[in-house]
Every structure is written in C-alpha cells, then in structure tokens.
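Below: one structure, written as structure tokens.
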Amino acid sequence: MPCIAEILIPLALDSAYSYAVPAGLDLSVGEVVQIPLGPRETVGVVWGVRQSPGGSNLRAVTGRIDVPALPDALRELVDWLARYTLAPKGSALAMALRLPDEAALTETVRVGVRISGKAPARPTAARTKVLAAAADGAMRGKSALAKEAGVSLSVVDGLIDDGALEAVALAPEPVALPPDPDHARVPLSEAQEAAVRELVALMNPGPEAPPPTDAIGDPLPADGQTPLTKVPPPGAEHKAPTILLEGVTGSGKTEVYFEAVADCVRRGHQALILMPEIALTAQFLDRFAERFGVRPATWHSGVGGKRRERVRAGVTAGEIAVVVGARSALFLPFADLGLIVVDEEHEAAYKQEDGVHYHARDMAVVRGRIENCPVVLASATPSIETRVNAERGRYRRIALPERFGGRRLPDIAAIDMRADKPERGRFIAQALVAAVRETVESGDQALLFLNRRGYAPLTLCRACGHRYQCRNCSTWLVEHRFRRALVCHQCGYAERRPDSCSECGTFDNLTPCGPGVERIAEEVAELFPDKRVIVLSSDFPGGAERLRAELQTVAEGGCDIVIGTQLVAKGHNFPHLTLVGVLDADIGLTSGDPRAAERTFQLLQQVTGRAGRGEKPGRALLQTYQPDHPVIAALLSGESERFYEEEIGAREAAGLPPFGRLAALIVSANEREVAEAHGQALARAAEPPDGVMVLGPAEAPLALIRGRYRFRLLVKTERAVDLQTYLRDWLARGPKIRGNVKVAIDVDPQSFL
Ligand code: ADP
Ligand code: ZN
C-alpha cells in the first residue's frame, strides 16, 4: 500500500502537510526531508507516517536530508509548546530545527604545516627565514609560522606549493573538552553538604526508595491538558522531580548545583545549565572551569555559525557533557539529558516576548518531564509560581537559609526622601553621600544602583513645554550624553540632541528631567573627584568585551564607586563591595503590573545582596518615598517569608497566577482605528463561559511601537478552565485577520505594556 507522510514545515503553519512517499524511500518519524512547497523546495520534518490507499493526488517527498533525525523528546516538546502557547506548530519547530547554514557546512579546514625535508627550488631570504623557523620539525598553523618568521602568508603558501613544507589537515578544535566531575571539589559547608546529599538522593532514588507520594505531575498551569506520553503512570516507576533550590544571596547555590551536575556527568548523562542571557558571564564560566577543569560548551545568540553547528553536533552525538546556555538551549537535541538547572529561575528574561511567547523555566520543567530527568530551579528570590508549586508539593524544596562562611546578609535601611531631600538638582541624599564617603575612605567599594540607562529619561523645553517623543513609539526620548543623542529605548530611533527647541526655536533652554546612570555619574564625579568610578550599563560603547573587562576590574577592587543598572544586580561576585545604595527603590512599584511587587522585591533583594559577600559585612540604603510600602518594609525587616506569604495571599484572593490563568491578546495595526476596530470585533466574539473574564480592548500602555498602534485584551480564567481550548475556539469565531492587522497571543504574560 502506498505510504503518506505528515510533514511539519518550520514556517508559521499550524499543522503538518501530507505528502506521498515515493516507493523505495523508507521514512521514519523525526527524519528531515526535502519537499516541494508551492513553486520552491523546502525542508520539513516527518511528523507521522501512515499506509493509505489514497493519496495519489499528493505531491511527493523529494528525498531525505542527511542530518540526524529530530529526537522524539524534541518532537514532543514542539507539540507541547505549540499547544500551550498557541503558536503555529511550524514556528515551534523552527526553534528546534535550525539547520546548518551554508557557511557552517563549508567550514574551512584548519591546516598545519611542517618541514618536509625537501629543499625549496628558489631559496629567497624570506623563504630561508620560514624554513629556519620550522627547522625543529614541529607542526604549526600556517599563519602562526608566517608570523614567527616575520613574512607574509604567501611565502608559506609558496613553500607548500614547492613541496618544501607539507600541509596536513588538522581536526577542528573541540568546542568543549570533557569536564572532569572530580577535578577540584571544594570543601562544602555542612549546610551545603546536606543540600547536596538531598539533591543527589532526589535525583537518584535507590531501589528501596518509596514511590513518590506527593502530587507530582502538574508541571504547568496546563495540568492535565496534555498527557506526556513518556512519563510512566503514577506509582509505576520513579518520576524525576523538579526541585527548588532556594538559598539567600551568597549561600553557595552554584557550588551546590555544580555537585548535581558532577553527579550527572559521572553517570554518563548530559547536563544543561540555563541562565538568563545577562548572566552568561566569563566569571561564571571560569568558576565552572575551576570546578570541572574546563570551560563548558556555551549556547546563546552570540555563538556564531560554525561554532553553533559544532555544539549542536556534539550535543546530538552525546559528546558534549555540559551546555551552559540561554533559553534557546532548551531546544538542543540532547542525546541523553540527565539534568536541567535553571539558574535565577525568577528572571523575567526567561520569557520570550516575540515570535513564540514561551517561558523557558516552564518549558524546562516540561522538557524534564518528557525526558524524565530532574530539573533544579535555583534562586534567592523564587517566583511566586515556583514557591506555590513547592508549597503544594508539586516541586521539592531544598533551602540554604544562610550565607556561606558565616557571612551575614547586609543590613538594609531606608532613606526617607520626604525628610532627607537631596540638594536641588541632585539625586543622592545626604545620608547616602555620607555612607559612600565612609565606605570609600575605608578602602571599600560602594555601588549606586539605578535601573535607568542614559542621562535623563525626559527632555523638555523650558520655553514652550515641548517634550521630546519618539516618532515611531509612544515613548519619551532618553538623553544619552556620551552619544550626544536622544534615543528611543523601544525601537532604537535616535536623533542628535538639538541646541534649540525644535518646536519654538528657543536656544539653550532644553532641560533634562530626572536621572539616568550617566547623570548620577556626573553627580558622583563632582562629589568624589578623586575616586575611581565605573559606570556599567549595557549600552556603553565597547560591547561585551569591555563590559567583561570592567566587571573584572570591579571584582578585583580596581575601582571605588560603581554606578550601574540592573546589569550589576545579578549573579556577580564583588568581594570588595560593602555598600549598596539604591537611588530609586520605588521605581517599579507604580507600574500597575500584577507582578510589580514581586519584581521589585526580587530586584532589590538581588542588588542589595551584592553587598558584604567578601570578608567585611555589608549594608544597603534604599532611597524611597514610601518606606511603609509592604515591599520596602519586607526588605527592611529582612522578612522574606512574610513577603511571600502576603503576596501569595493577595494573588490567591485576586485569582491571579498561579491561582488563576491569564492570557493577553495584543492587536496591532498601522492605523489606530483599524487596530481598535479589530480588538472590538474580537471582544464581541469572546462569549466568555463561566469562570472566564475578558477585559478590553484597551489602548496598550505602549500605545505605539515602531509605527504600529496597539490594543490589548486580557483573558482571566479560573485555574480549572482549559484556557488554550477557549482561546482557540474564540479566535476561530473571531474576525478574519485583514490587511496589516496582527494578533499576538501571550499565554502567562509577564509584560503588560
Ligand atoms: P549564590 O549563588 O547562592 O549567591 P554563590 O554560589 O555565588 O552564591 O557563592 C557565594 C560566594 O561564596 C562565592 O564567592 C563562592 O565562591 C563562595 N563559596 C560558596 N560556597 C563555598 C565553599 N564551599 N567553599 C568556598 N567558597 C564558597
Ligand atoms: Zn521608538
């Protein structure tokens, strides 16, 4: 009987297409094939194969492509992802597929040269130099030899052509050497030892281990909607747990999960460590190398063509034991995944906000279920979702309540800005100035934290009141003094900072309003002219290289005062830092976002946690206008538990995640009326059943981005509601998408802008 294959194509298509399988081609699920699509040829993945009498009218598969098949686990992840996020299944596949591009395939072979013993035909002076340099008979790279001899590469090439040097193709440098799990185990504290024992025991239950009794099996809010086929039925066999590793800043969570990684590697499995992109620092990789002898393979958007393909191939072949990567590493075709660690699991950076809207932490838990491998979520300030899952027994929890080495957490105090006002035109209160002075005078470091890039968030003409706004977005332009420009932080639009107002023409009357880090740097330079200051912000010239160097300088004590955005808040270890001053602790509290309190708490806990990680104790000062706000109060008293209790209570009372479900629909179009009309038509088709509420359309807080007008609808449901099915039915009933209208679906939205 003829065979029909269902082929999923990595484009924004919802389902697989049927193709005839030519006689003699024996296809299996997961294989990558070439197929005709419209007038061209493209690639796809076999999603299913069946025998069928019909199908003579179908176009035929062109042939198989000689690359490793997509593993079952990844196909299952793609299905899950598409079903949960409502993204087209082909878009989900695109994230897992990434075929080698042409450039990667035609990788230049590294060539080594050595002396052959044959005399050259024409011994010029330059040639003699090369042969002298190569006289020892050792193998060298071509350009290394040319450099050593002080001649151009063509001289070396000439000698190769001549036969005086022989060229040998070298194996490509490995992308990662095998980590040694027993390279340098640091002595752990008692608390850390206990945590490691518990962690390793949870990862590898012995034969006599009792079957799990807690209610594991609810990896995500979409519980019960999607059976994960490879997971054995309850009680049948060990199910790998998800474990929250909750430890205060400086407790040594990294040391603890490194032991879990070591255990995984010793057993011959692969481990994946996910990090929010921002934390992928050299410091972390060095720390890994200290523990395991070599740096791990890395995977993020900055890993380019050839290297990318080699990491992918190494992971597929099972040759790469450990990958440290950003969220996209979750879609690598691991041969034998034995552990996933999600570091700083609460980070908003794990949520992808364009294309397929997915949360990498949640998808890591799903991948763990599919592979039946343990997942460790590490954080000093876990997300509310993860805390609730731990409290309800869906996740296990291991706590490290104290800092390593008997170090204390920093004392946190407030500076009430209503009473202690900075001087006019200044932003640092007297009390903070005094604390910085005291700190740097005694040879320690101080950090001033302000989560605002640039010089001033708003520029205004004092004569006519004109405010500088982006021409593509509903945002104010941010002044960047180093660049002498007004810049939109949404779309990147920039214009030269004018000398006269573009509205009324008045000269020299433009006023910067409010501070960014550059403005704080100016103030610090006036206050402490002889101190060494480093400003750390992601948009400074010099890019990642320079940033790494500056972080290193700070860590080594090569500066007195650090001024930074959230870039410095996370993951870094600055042993000389004893004071953290937060310039605007209230900045995130007013956003109206359901996670505003949680986000602010996490960020401020992280940034104050930079202080006192070395020998000397640390302290933190928060400049605030609302010292009694529950978030600020919890930080001041150090009562994190109370914060979690109150916040979880408030979420439950309001039916907000994880006690209810949320999804956002963002309607955008080139004309405001078109976007609004489409949003209204969608709302009319909503027909929300019991337990479902549809709000909007309302103009988005960012009403215009890159020239597109935006309206938002918010769907709020009870937890028991099958949100995805409701959304699918609604969209199917809703208005047809016309013209340039786009509707983005964001399940579990993290951003409400
Ligand atoms: P966390 O990630 O929990 O904030 P880290 O893992 O970064 O903490 O550890 C904080 C600091 O304490 C680091 O400088 C680390 O090197 C040090 N540290 C933690 N545990 C140990 C240990 N067992 N031996 C030596 N140093 C340790
Ligand atoms: Zn803009």
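Index from 1, following the sequence. One-based numbering, in listed order, for ligands and for the atoms of each.
Residues passing the side-chain contact (heavy atoms from CB on, under 4.5 Å) test with E676 are R672, Q680, F711, sequence neighbours excluded.
Residue contact annotation: P187 has a non-hydrogen atom under 4.0 Å from ligand 1. The shortest separation from a heavy atom of L400 to ligand 1 is not under 4.0 Å, leaving the residue out of contact.
Within a 6.0 Å sphere centred on CD of E402, other residues, nucleotides and ligands contribute 12 heavy atoms or fewer.
A salt bridge links E385 and R595; the closest N-O separation between the charged side-chain nitrogens and carboxylate oxygens is under 4.0 Å. A salt bridge does not link E255 to R291: none of the charged nitrogens lies less than 4.0 Å from a carboxylate oxygen. Taking 4.0 Å as the cut-off between side-chain N and carboxylate O, E479 and R519 do not count as a salt-bridged pair.
Residue T249 has at least one heavy-atom neighbour below 4.0 Å for each of these atoms of ligand 1: 4 (O). Listed by atom number, the atoms of ligand 1 under 4.0 Å from G252 heavy atoms are 1 (P), 3 (O), 5 (P), 6 (O), 8 (O), 9 (O), 19 (C).
For atom 5 (P) of ligand 1, the nearest non-hydrogen atom from the set E255, R287, Q192, E290 belongs to R287.
Taking distances strictly below 2.8 Å, the protein N/O/S atoms close to the Zn ion (ligand 2) are C470 SG, C473 SG, C488 SG, C491 SG.
Distances between N or O atoms of L188 and those of ligand 1 include no value under 3.5 Å.
Put simply, the residue from E345, H346, E347 that forms a side chain to side chain donor-acceptor pair (under 3.5 Å) with S383 is E345.
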